[in-house]
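Here the structure comes first, spelled out in structure tokens, and everything after it is commentary.
Below, chain A is the first sequence line, B the second, and so on; all start at residue 1.
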Number of protein chains: 2
Amino acid sequence: MSQRITINDVASAAGVSRQTVSRALNDKGEIDGDTKQRVLDAAKELGYRPSRFARGLVRPDTTSIGLVIPDLLNPFFTEVAAAALEAARAKGWHVVVYDTADSVDEELSTLQVIGSQVDAVVGYFNLSETQLDQHTHGIPVVLIGREHHATRFSSIRIEGAQGVRSAVDHLVAAGHRRIGMLDHAHAEPSDKHQWFCDAMNAHGLSPDKVAGAVQSVDGGADALTRLLKAQPDVTAIFTFNDIIAIGALRAARRSGRDLAVIGFDGLQLGTVVDPALTTVALDTRKIGALAVEQAARLMAGDEPLSGEDLVVQAVLLLRESA
Amino acid sequence: MSQRITINDVASAAGVSRQTVSRALNDKGEIDGDTKQRVLDAAKELGYRPSRFARGLVRPDTTSIGLVIPDLLNPFFTEVAAAALEAARAKGWHVVVYDTADSVDEELSTLQVIGSQVDAVVGYFNLSETQLDQHTHGIPVVLIGREHHATRFSSIRIEGAQGVRSAVDHLVAAGHRRIGMLDHAHAEPSDKHQWFCDAMNAHGLSPDKVAGAVQSVDGGADALTRLLKAQPDVTAIFTFNDIIAIGALRAARRSGRDLAVIGFDGLQLGTVVDPALTTVALDTRKIGALAVEQAARLMAGDEPLSGEDLVVQAVLLLRESA
DNA sequence: TTGAAAGCGGTACCAG
DNA sequence: CTGGTACCGCTTTCAA
């Protein structure tokens, strides 16, 4: 633990006062060329590096936000992150990114350390609100895709009922009647499953052909295989997300089966597979931008966005797979 | 610009001294229950949030590094970023991510603001070394995939000659003779192009069937179409990266053409296309981990890694497309 | 249990 | 052109 080298060390090494060192390092005008050079040399010699904390204390004009993501390798979250980064950059903010691996423990330890590092937190959490409240030390929090109650929190709401309804409408219009779904593999059904059921019911169709899928390409392929074994007459499926849909698409093609597939998310990735994936798309740019904007308002104490301004609508994006 | 609420404000609001406030907020023992509650209430009331700078100044035990990436939406960089994040988390570091959109101007403005925010910088730069030196205020810098000269800098070297050689060997062994390449679209040929030429020459084959491609799926498709128009007898191609390869694969399949394709990068993405992409793979985890480790040594003043320890070898990863 | 005082490492504003 | 001094907001002794 080598002792930190401070401006004082440089000052005495160069035989000047700290203010002079400060001037030299910050390219202030009022300083003699020789002196400046001497200081610079001494600084380099000692390996001096100004403390960002001390700097920040004196001129606290930089704000940074923490962006908490369950999995950076999932393209959906990458897109959200990219959008948030861009929105933050426009404000001159810094973004500290944390990947929690979708684990509550990691969320906790992230929060533990986040509090003293950022001015606001934005992102995805599984933690209970009480826990969030406790570990977040009073800084503003913007939750994505999840409800909140405490006033210090805010949420970006994801509204997918209409989009999923359009998807099912589209399948039905194309003549499909036996439509299945590949949901996530968790214990309780997802929002998307609920939306799917509502849409199916509206058509008098029974939404009973459902399998759970691990959230990966292989997971999607497996789940489809299972579903088709149990329900061989299915002609179309809707999936929890695009990753799963791509796996399903692959499994279908390999088994030589003609199957209409509609995913959820609207990833760029969906355009590189063949056929290109039809999907219920979310505007990831909007999600990221909204989250940052809301954080800005919360921090500034401005009137925060609310209600309709804070929801992102999913819309059906027709490509080739259905 | 609402005036910052300090610990003093809370103190006077609660009718105690700042130390007492500090105790209450940090869960120190020596404090009366009532007093503590009163302080906490006052703090909440005022919306008080401790300054992370002041905190850091007193107890500077947190380090953060800046990760500079040209494009977070490119899966290759995402993978590197994820690896770096993980390595940093293992050390208890924070990672501030910057996306420079592959633009020198953005790199500059990023650096401008980075200096007072992080303890080291890691990533991809187009900037000249002099510029890096000037704007980086003496903090350690680890460059990825690029040489350096100044001692304050360090580089992770990407060594692909052997991997590309294996790829070409593989194609030749499969009977291919007319092998083309889709390089990037920049003015000067890439390293990969050089490696390709060397490998071709070693087989006495002429590496003259080359087209430039914009780095996107569509770019790859376009470039392949152009190449095949000019060189209809090509039976196999090697590409600058996986994204381009995927586009080429799609174009080939759509034109009903049987073409062997080998990409570069080793993206996960290559497994979701059909046929799965054969590629010259880079270990992105290693790149990220190495960069962070080297930054750690540079910061600690330890003996930095050097030579062979700092290179990442590309290796041929056989899948289905060749 | 609480408060006063002394820094942490810089920068800004003076005076010299 | 240079140095002294006063903070920035917080935590940590050390008294009271």
Could you work out how much the helix from dT1(C)-dA16(D) to dG16(C)-dC1(D) bends, comparing the axis of its first five pairs with that of its last five, to 10°?
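End-to-end axis angle: 40°.
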Inspect the contact between Glu86(B) and Arg285(B) and indicate whether a charged nitrogen and a carboxylate oxygen are less than 4.0 angstrom apart.
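Glu86(B) and Arg285(B): salt-bridged.
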Which residues pass the salt bridge (charged side-chain N to carboxylate O under 4.0 Å, His left out) test with Asp9(B), sequence neighbours left out?
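Not a single residue meets the salt bridge (charged side-chain N to carboxylate O under 4.0 Å, His left out) criterion with Asp9(B).
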Atom [atom1] of [X] and atom [atom2] of [N]: how far apart are they, to the nearest Å?
X: Arg38(A); N: dC1(D); atom1: CZ; atom2: P; answer: 14 Å
X: Phe53(B); N: dC8(D); atom1: CZ; atom2: C1'; answer: 11 Å
X: Leu57(B); N: dC8(C); atom1: CG; atom2: P; answer: 9 Å
X: Lys36(A); N: dT2(D); atom1: NZ; atom2: P; answer: 11 Å

Neighbour count >12 (heavy atoms, 6.0 Å) for atom CD, Glu159(B):
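Yes - once you tally the heavy atoms of other residues, nucleotides and ligands closer than 6.0 Å, there are more than 12.
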For nucleotides 10-14 of chain C, tabulate all protein N/O to nucleotide N/O atom pairs closer than 3.5 Å, reporting atom names and distance.
residue	atom	partner	partner atom	Å
dG10(C)	OP1	Tyr48(A)	OH	2.8
dG10(C)	OP1	Ser51(A)	N	3.2
dG10(C)	OP2	Ile7(A)	N	2.6
dG10(C)	O5'	Tyr48(A)	OH	3.1
dG10(C)	N7	Arg18(A)	NH2	3.4
dG10(C)	O6	Arg18(A)	NH2	2.5
dT11(C)	OP1	Asn26(A)	ND2	3.2
dT11(C)	OP1	Arg55(A)	NE	2.7
dT11(C)	OP1	Arg55(A)	NH2	3.4
dT11(C)	OP2	Ser22(A)	OG	2.6
dT11(C)	OP2	Asn26(A)	ND2	3.4
dT11(C)	O4	Arg18(A)	NH2	3.1

Exercise: identify the closest heavy-atom pair between Asp32(A) and Asp34(A):
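In terms of heavy atoms, the two residues are closest at OD2-N, 2.9 Å.
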Thr35(A) side chain N/O closer than 4.0 Å to the phosphate oxygens (OP1, OP2) of dT2(D)?
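Result: yes.
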Could you pull out all residues at least two apart from His184(A) that satisfy ring pair (Phe, Tyr, Trp, His ring centres under 6.0 Å)?
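So His184(A) forms a ring pair (Phe, Tyr, Trp, His ring centres under 6.0 Å) with His186(A), Phe240(A).
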Just checking, is any N or O donor in the side chain of Gln117(B) or Thr62(A) under 3.5 Å from an acceptor N or O on the other one?
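Result is yes, a qualifying pair exists.
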Qualifying side chain to side chain donor-acceptor pair (under 3.5 Å) pairs with a residue from residues 91-104 of chain A, counting only residues at least two apart or across chains:
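Every side chain to side chain donor-acceptor pair (under 3.5 Å) pair that includes a residue of residues 91-104 of chain A, provided the two are not neighbours, is Thr63(A)-Trp93(A), Lys91(A)-Glu293(A), His94(A)-Tyr98(B), Tyr98(A)-His94(B), Asp102(A)-Asn126(A).
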Sequence neighbours excluded, which residues qualify as side-chain hydrogen bond (donor to acceptor under 3.5 Å, both in side chains) partners of Thr78(B)?
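Applying side-chain hydrogen bond (donor to acceptor under 3.5 Å, both in side chains) to Thr78(B) gives none.
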